[in-house]
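A quick write-up on the structure given underneath.
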Amino acid sequence: MNSTTKKAAGDVLLSLTNVQRNYEQGGSVIEVLRDASLEVRGGEITALIGPSGSGKSTLLNIAGLLEKPSGGEVTIDGIVTSKLGSGKRGRLRGSHIGFVFQVHRLLPEFSALENVMIPQMLNGLGREESAERAEQLLAMVGLRQRCDHRPGALSGGEQQRVAIARAVANAPRILLADEPTGNLDPETAAEVFEHLNHIVRGTDTAALIVTHNEALAATMDRRLTIRDGGIAEI
Ligand code: ADP
Ligand code: MG
């Protein structure tokens, strides 16, 4: 995906329609999502908030094609996903979706630069081009001087900034983040979120961000929560 193929801001890039997710646990069925529907548009940042165990990570994993719903539909940039085989789902995820986890999940043996290069190379880009873009992205999140550091030699806030650079390495149309600042102090959280915000606004990405931080949620365009297995606007 390069910028010339991107649609105008405001298009619905992610939609969940009547999504259900049940888990079987010790003979009984837990209905985490009963009927969850939402739309996220390009250039829009939506906060997903709510108590622990309400199904936020489940919903995000389904939106990010990491997990399949028990029912309903997930549509990514107009592509209906329920009938796709695992190869196509994986490729769609690689090209369209960036994911930031609460704990960074960077590869410990690789430098910050390599961590941002790898998804680009997996997506078919050459080594030199990947390195060039990785350097630009790390500079954008204020880490120009940290390219050669391994994750273990970075602070928590720096690790999350690398994770954000990695998540947007393939210029995804959709950025999903599951409590990306949950392990950071408030000041560092605000700084990390500032970088995330800047990237989303600059690229017309659709962002769905799980957070417990009410101050951060208040700065986002919309706030959703999960109530009785459905989505409610707050
Ligand atoms: P949140 O992110 O809002 O804290 P989760 O989406 O992680 O919530 O979990 C929602 C509910 O689903 C919880 O009750 C959790 O125990 C249950 N759950 C999540 N994953 C599984 C699983 N793999 N097997 C069984 N139950 C699960
Ligand atoms: Mg969670």
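Throughout, residue positions are numbered sequentially from 1 according to the sequence presented. Counting starts at 1 for both ligands and their atoms, following the listed order.
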Can you name the salt bridge (Lys or Arg N to Asp or Glu O under 4.0 Å) partners of Glu114, sequence neighbours left out? none
Across all chains, not counting sequence neighbours, the side chain to side chain donor-acceptor pair (under 3.5 Å) partners of Glu129 are none
Suppose we only count N/O/S atoms under 2.8 Å; would Thr58 qualify as near the Mg ion (ligand 2)? no
Between the side chain of Arg41 and the main-chain N/O of Gly10, is any donor-acceptor distance below 3.5 Å? yes
Would you sort out whether Glu31 and Arg21 count as a salt bridge (Lys or Arg N to Asp or Glu O under 4.0 Å), showing the intermediate values? CA-CA 6 Å; Glu31 290 183 300; Arg21 183 66 166 107; over 6 Å; no
Ligand 1: protein residues within heavy-atom distance under 4.0 Å: Tyr23, Gln25, Val32, Pro51, Ser52, Gly53, Ser54, Gly55, Lys56, Ser57, Thr58
Could you tell me whether the side chain of Thr205 and the main chain of Ala207 form a donor-acceptor pair under 3.5 Å? no
Which residues share a side chain to side chain donor-acceptor pair (under 3.5 Å) with Arg223, sequence neighbours left out: none
